[in-house]
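One structure is given below, encoded as structure tokens.
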Amino acid sequence: MIKTELEKRNVPDFFEIDGKKIDSANAWKQYRPYLKDLFLSEEYGFLPPKIEPSIKIEDGELNFADKVTWQTISFTFENQGKSHTVKAELLLPKDKAKAPVFISIGFKAEIPNKYLPLEEIIDNGYGVFHFYYEDVTSDDGDFENGLASLFDGGGKKWGKISLWSYFASRLMDYLETRDEVDKNNVAIIGHSRLGKTALLTSALDERFVLTCVNESGSCGASLSRGKTDENETIVKITDTFPFWFKESYLKYRDNENALPFDQHMLVSLVAPRTVVIGGAYKDVWADNEGQFLSAYLSSYAWELYGKSGLICENKMPVCGDKYLDGDVCFYLRGGSHFLSRDDWQVYISKFNELLKR
Ligand code: GTR
């Protein structure tokens, strides 16, 4: 059943290079840098060079019944005579000497907000390091504001997703300096366009133990090949959001079969760490079947490491299916496009399981 659906999608075997299948973890590790570069050069664009930001720490106001330590951390980046500051909110459970943390790439600056049930996350023993993505740079074609203004080549060399991702990795750099953080247990989470960003970040940056990719859809976890009229294709996404990508990605409009990869290979770059791909039944635009097949196909990379990828039934997913036992997880909840409490509960329960290993 899965095989039949895959045949319709016509996805080449990208684990086969020059007619030879990648057949060991070592061969895969050698291929990874090339594959990363391919995604950057063809789709997202390259991330700017790493700059050490200067850091300012201020105490936040609220304490959530005295359960939380809240600090606002300001990161100031300077380059080419310009500077830009981005704030991130670090909220840690007071009763933990070393807390596992979710880096949250947010649609909203407020804490908590409709996508971030903060108290519930804290009560489960997790910290949150949250930033508002447009503080990094605006979500439009203006490459002269925020961090974008510090680096040349916006559009030609890199798109906005790369820049949001760049900042998420700088937050990870910072967490590594904090004793109250369990730096081996940092997850990254994002929803929708920020799910795409979370996936790219973890594909490039191996420090995240868990990657939570919520309804990322087109150019996120979902396959680009074989879309239906109801799904978001490369044409549709680049009609509205060309600036998310490198300009050269436009050559794949209505030309998906020319892509030298499909999105499951981006998921594969997360191996051997754990990834959870969340879908919502009514979110047809995001192509849930394509997200499921991507989880299925990417699993080969986990198998190369002797780990289990997606553990699922041999059928296409229906509403309510949850495949959470492997290191590639997929679920399809009811309802529409949203980062809900239910989604957080899935990510938290997987994180709980990882901490017990
Ligand atoms: C949609 C876009 C999707 C998804 C979503 C979002 O309009 O077409 O790819 O990213 O926005 O980020 O909310």
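Counting starts at 1 for both ligands and their atoms, following the listed order.
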**Prompt:** After noting the C-alpha distance and the side-chain angles of Leu324 and Phe330, does the key distance pass the side chain to side chain contact (heavy atoms under 4.5 Å, CB included) rule?
**Reply:** CA-CA 6 Å; Leu324 304 176; Phe330 173 88; over 6 Å; no
Starting from the N and O atoms of ligand 1, collect every protein N/O partner closer than 3.5 Å and put each pair on its own line with the distance to 0.1 Å.
residue  : atom   : partner : partner atom : Å
ligand 1 : 8 (O)  : Glu232  : OE1          : 3.1
ligand 1 : 8 (O)  : Glu232  : OE2          : 2.3
ligand 1 : 8 (O)  : Trp285  : NE1          : 2.9
ligand 1 : 9 (O)  : Lys196  : NZ           : 2.8
ligand 1 : 9 (O)  : Glu232  : OE1          : 2.6
ligand 1 : 9 (O)  : Glu232  : OE2          : 3.4
ligand 1 : 10 (O) : Ser192  : OG           : 3.2
ligand 1 : 10 (O) : Arg193  : N            : 3.1
ligand 1 : 10 (O) : Lys196  : NZ           : 3.3
ligand 1 : 11 (O) : Arg193  : NH2          : 3.1
ligand 1 : 12 (O) : Ser192  : OG           : 2.7
ligand 1 : 12 (O) : Arg193  : N            : 2.8
ligand 1 : 12 (O) : Arg193  : NE           : 2.5
ligand 1 : 12 (O) : Arg193  : NH2          : 3.3
ligand 1 : 13 (O) : Ser192  : OG           : 2.8
ligand 1 : 13 (O) : Arg193  : NH2          : 3.3

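Looking at His84 and Thr76, their side chains never bring a donor and an acceptor atom within 3.5 Å of each other.
Aromatic ring pairs are classed by plane angle as parallel below 30°, tilted from 30° to 60° and perpendicular above 60°; the pair Tyr133 and Trp164 is perpendicular.
Aromatic pair Phe243/Phe143: ring centres not closer than 6.0 Å. Ring to ring, Phe351 and Phe102 are close: their centroids are under 6.0 angstrom apart.
Other residues, nucleotides and ligands contribute more than 12 heavy atoms inside 6.0 Å of the OH atom of Tyr174.
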